[in-house]
Amino acid sequence: MRKSKSTVSPILNRFSKFSRVTSMNSGVRDAVSQGYPDKALILFRQMKQNGLEPNKLTFPFIAKACTKLSSLKCSQMVHTHMLKSPYYSDKYVQSGLLNMYVKCDEVENFAYAVFDRMHAREIAAWNAMLMGFVQASCFDRALCLFNEMMVDGVRPDSVTVMGLAQLASGLKDVKLLTSVHCLGIRIGVEADVSVANTWIAAYSRCGDLSLSEMVFNEIDLDVLTVVSWNSMITGCANAGEGFMAMELYHNMLYGGFRPDLSTILNLLGSFAKPNALLLGKLVHSHGVQLGCCSDVSVLNTLVCMYSRCADIDSARSLFDSIVDRTRVSWTVMIGSYAEKGDLEDAMALFHAMEAAGEQPDLVTVIYLISACGQVGALDYGRWIDSYAISRGLKSDIRVSNALLDMYSKCGSARDAEELFSSMNERTIVSWTAMISGYALNGQSGKALDYFNVMLMSGLEPNHITFLAVLQACVHAGLMEKGWELFHRMTELYKLSPGLDHHACMADLLGRQGKLKEALEYIQCMPIKPDAGIWAALLSACKIHRNADIGEYAAHHLFELEPQAAAPYVEMANIYASTGRWDGVASIRTKMKSNQVRKYPGESTIQVDGKSYTFRVDDKFHPKGCLIYEVLSSLGLYSKKQIDTFRSEEFF
DNA sequence: GTAGGGTTAG
């Protein structure tokens with residue numbers, strides 16, 4: 001007897017639907033594991049269109065696809081589907097959802113909302129939330145979360161330890177990191193190579209490369225991975241230890257490891273400095289051999305490497321060769337021009353970037369701002385300020401700080417003050433920008449006032465802040481105040497003075513006429529004095545007409561920078577002012593034999609976006625006559641000099 | 001068959 005179709009159909013139908021969902025699930029899973037998250041989402045959509053209900057296994061896979069895409073839009077779409085599903089409260093579904101939002105950088109609102117509503121929190125959920133806070137730099141909240149986790153009696157595992165290590169390195173707190181390290185040993189996860197790799201990276205980020213090395217050397221050879229090598233190489237790169245990075249790379253190849261994209265990327269980072277071009281080129285060629293150089297992030301790093309190695313032409317032609325330029329590609333190239341003070345090329349590329357439909361972000365803007373500060377382009381600087389406002393970038397403190405610095409360097413204290421008082425958050429960088437702005441523009445009293453107010457607000461000065469106040473003292477000739485600050489820096493704040501700080505102190509002594517003391521100070525410095533310090537002493541000798549100490553300083557300068565013209569000129573002036581004409585003649589001979597040429601000094605100013613360059617006694621500007629009239633009315637130029645120019649018929 | 005994780009340019 002034939003069964004009627006109507007009784008058998010629903011069962012068959014349900015069975016076939018079940019098997020179709022199962023096969024769709026494996027399709028989704030495979031797509032995700034093979035690195036095609038977008039394909040997984042297409043399958044998911046097809047499922048819905050065919051009336052197939054995703055089950056409890058579908059959602060974790062789909063969530064994983066969303067984490068790989070880091071797209072908030074996709075995540076929210078999936079979230080809506082999940083809400084309608086009977087499996088919404090499943091712990092794995094919830095964990096997947098949480099992780100999805102963490103990866104979209106939606107930690108504080110979306111991810112925490114999911115976490116907060118979870119009934120049963122597994123260790124994975126805690127870890128995901130912890131990582132999320134750490135990656136979003138919400139370190140306080142991460143610490144609170146860890147405490148809560150302990151109170152809840154959840155036992156930390158290896159992933160927790162990794163999250164805590166990243167937390168400690170984010171805070172640059174090596175003490176905290178050591179206690180995380182101890183926790184790792186106590187719970188027995190120190191043999192886990194992933195944990196060790198995190199420690200290597202974390203110690204180097206805290207500035208303790210020797211501890212990174214210790215962890216690296218303790219890893220069992222059987223479990224050592226490429227990531228371990230990469231972490232160690234990155235550590236060296238960040239510490240500026242290019243030679244050590246290269247040595248590690250050599251050992252890595254010797255040990256039979258195949259470098260990957262990340263190896264090349266990090267290695268290039270260690271050669272992004274002058275005099276490292278040869279090694280950079282070597283690694284570039286390795287990258288080509290390994291097939292890494294079609295990757296846009298490697299290309300971007302290469303552009304950066306070439307420009308930092310002062311080979312801007314190679315950087316530009318490499319940039320031009322990139323087919324799929326990203327925002328970072330543009331920014332790196334704009335930054336290359338900006339760092340060498342080439343504002344015009346930087347701006348041109350910035351407009352090209354916008355024309356190409358790429359959105360500049362805060363890093364792009366910060367580069368442009370700093371270029372304006374370097375060349376004193378107040379007009380452009382103001383324009384970028386308003387551009388930053390229109391793009392909502394000025395709310396970021398880093399942008400505001402860059403603007404403060406730019407206004408100070410352009411000598412516009414009013415713009416700087418206005419901005420400073422409008423900021424609702426001020427970091428040590430903001431204060432330091434203000435202080436050094438006043439120091440630079442000769443308003444030493446105001447610089448010191450700001451310094452005191454800053455101290456009262458509870459902020460701790462760093463070595464750059466101290467440099468700024470010391471410069472203020474130099475400009476005002478405040479010898480005692482300078483020494484007091486210098487001692488406060490070394491004794492109270494335990495900051496070791498760098499070359500610049502020592503230069504200030506030597507300058508302070510020299511300008512006061514204490515040339516012998518200045519010389520003694522330089523000779524007893526714990527670090528080798530550079531050309532800047534000797535130049536400061538030489539110019540002090542010029543003020544106080546001391547040819548003997550001047551000769552000594554000049555001698556060092558001729559050794560350090562034989563091609564620089566300034567020391568020869570300074571020394572010749574000192575001889576002339578003390579009537580030692582034989583000395584003047586000997587300097588002339590020395591300049592000739594060393595083939596040193598003195599180019600006249602230049603000064604550039606921008607008005608209405610146009611650059612004007614002037615030299616001493618410049619007669620080429622069309623409005624020169626007017627300029628000299630104004631100068632004479634200010635008492636900066638004598639009437640007689642203007643008449644001389646007139647008679648020469650230059651105007 | 002299901003989670004959370006290690007290196008990553010400006």
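Chain letters run A, B, ... following the sequence lines, proteins first and then strands; every chain starts at 1.
- In this structure, the CG atom of L393(A) is 19 Å from the P atom of dG10(B), given to the nearest Å.
- Under the rule for a salt bridge (Lys or Arg N to Asp or Glu O under 4.0 Å), R121(A) has no partner lying at least two apart in sequence or in another chain.
- Base engagement by D361(A) is indicated by at least one non-hydrogen atom pair under 4.0 Å involving a base atom.
- The base of dG5(B) does not come close enough to the side chain of S158(A) for any donor and acceptor atom to sit less than 3.5 Å apart.
- Candidate nucleotides dG1(B), dG10(B), dA3(B) were compared by shortest atom distance to the side chain of A124(A), and dA3(B) ranks first.
- In this view, S204(A) satisfies the side chain to side chain donor-acceptor pair (under 3.5 Å) rule with no residue, not counting sequence neighbours.
- The aromatic rings of F350(A) and Y387(A) lie perpendicular to each other, with more than 60° between the two planes, well past the 30° mark.
- Atom CG of L267(A) is separated from atom OG1 of T301(A) by 11.5 Å, given to the nearest 0.5 angstrom.
- A heavy atom closer than 4.0 Å to some atom of DNA chain B occurs in Y92(A), N99(A), these being the qualifying members of residues 91-99 of chain A.
- Annotation for S210(A) and D208(A): closest pair OG-OD1, 2.8 Å, computed over non-hydrogen atoms.
- Using a 4.0 Å cut-off on heavy atoms, the residues of residues 302-322 of chain A that approach DNA chain B are C304(A), R308(A), listed by number.
- At whole-Å resolution of the value, NZ in K103(A) and C1' in dA3(B) are 11 Å apart.
- Listed by residue number, S262(A) are the residues of residues 239-263 of chain A with a heavy-atom contact under 4.0 Å to DNA chain B.
- The structure places CG of L349(A) at 13.0 Å from OH of Y367(A), a figure rounded to the nearest 0.5 Å.
- Using a 4.0 Å heavy-atom criterion, one finds that M162(A) contacts the bases of the nucleic acid, with or without backbone contacts as well.
- Here T331(A) lies in heavy-atom contact (under 4.0 Å) with a base.
- At the heavy-atom level, V332(A) lies under 4.0 Å from the strands shown only through sugar-phosphate atoms.
- Phosphate proximity of dA9(B) to R325(A): absent, as no side-chain N or O sits under 4.0 Å from OP1 or OP2.
- Sparse packing is recorded around CG of L278(A), with 12 or fewer heavy atoms of other residues, nucleotides or ligands lying under 6.0 Å away.
- Nearest nucleotide to the side chain of I123(A), out of dA3(B), dG10(B), dG6(B): dA3(B).
- Residues meeting the salt bridge (Lys or Arg N to Asp or Glu O under 4.0 Å) test with D396(A), sequence neighbours left out: R398(A).
- Under the side-chain contact (heavy atoms from CB on, under 4.5 Å) criterion, S228(A) pairs with V193(A), N197(A), F216(A), I219(A), L224(A), T225(A), sequence neighbours left out.
- In the set dG1(B), dA9(B), dT7(B), the nucleotide with an atom closest to the side chain of A201(A) is dT7(B).
- A ring pair (Phe, Tyr, Trp, His ring centres under 6.0 Å) check over residues 136-168 of chain A, counting only residues at least two apart or in different chains, returns nothing.
- Of the residues in residues 219-235 of chain A, those with a non-hydrogen atom less than 4.0 angstrom from any atom of DNA chain B are T225(A), V227(A), N230(A), S231(A), T234(A).
- Residue L349(A) contributes atom CG, which lies 18 Å from atom P of dG10(B) at whole-angstrom precision.
- Distance CG (D295(A)) to P (dT8(B)): 15 Å, rounded to an integer number of Å.
- F271(A) is linked by a ring pair (Phe, Tyr, Trp, His ring centres under 6.0 Å) to nothing, counting only residues two or more places apart in sequence or in another chain.
- Residue-level contact check: N266(A) touches the backbone only, with heavy atoms under 4.0 Å from sugar-phosphate atoms and none from bases.
- Look at CH2 on W199(A): it is 18 Å from P on dG5(B), rounded to the nearest Å.
- The phosphate of dT7(B) (OP1 or OP2) has a side-chain N or O of R205(A) nearer than 4.0 angstrom.
- Here dT8(B) presents its P atom at 16 Å from CG of N300(A), a figure rounded to the nearest Å.
- Note on E354(A) versus R327(A): no salt bridge recorded, every NZ/NE/NH1/NH2 to OD/OE distance being 4.0 Å or above.
- The list of salt bridge (Lys or Arg N to Asp or Glu O under 4.0 Å) pairs with a residue in residues 297-320 of chain A, not counting sequence neighbours, reads R308(A)-E339(A), R316(A)-D320(A).
- In this structure, Q135(A) atom CD and dG6(B) atom P are separated by 7 Å, rounded to whole Å.
- In this structure, D192(A) atom CG and dT7(B) atom C1' are separated by 15 Å, rounded to whole Å.
- Residues satisfying the side chain to side chain donor-acceptor pair (under 3.5 Å) test with T331(A), not counting sequence neighbours, are T364(A).
- If you look at Y101(A) and H79(A), their ring centroids are closer than 6.0 Å.
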